[in-house]
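Heads up, the thing below is written out as structure tokens.
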Amino acid sequence: MYRSIVVLTGAGISAESGLQTFRGAGGIWQNHRAEDLATPEAFAAEPALVQRFYNERRRQLVSGPIEPNPAHYALAKLQAGFSGTFTLVTQNVDNLHERAGSQNVLHMHGELLRMRCGGCGDSFVVEGDIELDSLCPACASVGLLRPDVVWFGEMPKHMDVIARLLGDCDLFLAVGTSGNVYPAAGFVEIAGAHAHTVEVNLEPSEVQSHFAERLYGKAGEVLPPYIEQLLK
Ligand code: NAD
């Protein structure tokens with residue numbers, strides 16, 4: 001039995017819930033260029049466009065027919081039923097892990113339902129639209145709010161704690177992540193030095209050769225039986 005499990009999830013785990021992945025068929029970047037929307041430079045140049053993009057994505061998450069799928073629920077069940085250390089790290093900015101019951105999720109790329117004030121640094125939950133003249137609820141500054149997500153070129157969150165947990169785990173499971181975006185794509189090499197490593201994806205990722213075990217198919221179909229086995 002394992003002692004410490006680290007799970008890394010990417011956009012693929014939310015695809016069956018109806019949220020677009022970034023890359024691949026139907027991916028967000030087929031309609032938008034990443035550098036026009038998800039960089040600090042894009043926000044400085046076209047703040048209204050960037051806020052509108054995030055307002056639309058937030059609306060889709062809170063008012064669309066978006067629900068967690070069996071893969072999200074399976075990870076919540078693993079956390080509840082596992083007696084060792086369990087850590088869920090996600091690159092996703094959605095809240096589907098939490099809605100499925102997962103606790104203490106490390107959102108390394110931030111959260112769609114949070115805004116941050118460039119004045120006082122406060123981060124707060126938001127579900128509605130944010131306009132260019134929206135007020136910070138903590139310091140009342142006007143026009144300094146930005147999505148609390150990590151844009152290209154910015155430092156991911158929680159990296160110290162993630163590095164420590166990767167260094168200590170004996171099972172590393174990556175679900176629905178393309179292996180294109182670093183540092184997350186490098187986690188398998190860190191963990192693989194001492195832990196069993198498993199990839200769950202629709203197709204082999206960019207870093208598939210680093211995994212000891214590979215399970216291909218939809219996460220909602222492949223992950224639940226794998227987790228049932230782990231919990232036995
Ligand atoms: P990605 O879009 O680069 O890759 C998605 C991966 O998921 C691909 O390898 C694809 O084969 C796989 N996949 C697609 N459908 C699947 C399914 N049903 N089951 C299993 N695997 C499936 O995603 P990534 O690796 O997470 O890229 C990183 C960036 O994407 C992150 O910065 C993240 O913040 C962002 N992102 C997040 C969301 C979200 O919050 N839901 C959505 C899009 C992008």
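In listed order, ligands and their atoms are each counted from 1. All values reported here derive from a predicted model rather than from experimental measurement.
Ion pairing between R146 and E154 holds under the 4.0 Å rule for side-chain N and carboxylate O. Salt-bridge annotation for R3 and D168: present, with a side-chain N of the basic residue lying under 4.0 Å from a carboxylate O of the acidic one.
Between H109 and ligand 1, a contact under 3.5 Å exists for at least one N or O pair. Backbone and side-chain nitrogen or oxygen atoms of L19 are examined, and none is located within less than 3.5 angstrom of a nitrogen or oxygen of ligand 1. When only interatomic distances are considered, the shortest N/O to N/O separation between L202 and ligand 1 falls below 3.5 Å. The distance criterion of under 3.5 Å between nitrogen or oxygen atoms is met by V93 with respect to ligand 1. Ligand 1 has an N or O atom lying under 3.5 Å from an N or O atom of D94, backbone or side chain. Between T177 and ligand 1, at least one N/O pair is under 3.5 Å apart.
Contact annotation: N201 has at least one heavy atom less than 4.0 Å from an atom of ligand 1.
Considering each of A219, P204, G220, A174, the one bringing a non-hydrogen atom nearest atom 19 (N) of ligand 1 is A219. Residue nearest to atom 6 (C) of ligand 1, selected from G176, G18, A15, S14: G176 (by heavy-atom distance).
Taking a cut-off of under 4.0 Å to the non-hydrogen atoms of Q20, the atoms of ligand 1 that pass are 42 (C), 43 (C). Listed by number with element, the atoms of ligand 1 under 4.0 Å from a non-hydrogen atom of V181 are 27 (O), 28 (C). Close contacts between ligand 1 and G10 involve ligand atoms 26 (O) [criterion: under 4.0 Å to a heavy atom].
Contacts between E16 and ligand 1, counted as non-hydrogen atom pairs separated by less than 4.0 Å, involve the side chain only.
In this structure a side-chain-to-backbone donor-acceptor pair under 3.5 Å is present from H194 to C169. In terms of modelled atom types and a separation under 3.5 Å, the side chain of N92 and the main chain of G10 share a donor-acceptor contact. Proximity of a side-chain donor or acceptor of R99 to a complementary backbone N or O of P68 within less than 3.5 Å is not detected.
Side-chain contact between H107 and V93 is absent, with no heavy-atom pair separated by less than 4.5 Å. The side-chain heavy atoms of M115 and P147, taken from C-beta on, include a pair separated by under 4.5 Å.
The ring-ring contact (aromatic ring centres under 6.0 Å, His included) analysis of residues 206-232, with sequence neighbours excluded, yields no pairs. The side-chain hydrogen bond (donor to acceptor under 3.5 Å, both in side chains) pairs that include a residue from residues 133-142 number zero, where partners must be two or more places apart or lie in different chains.
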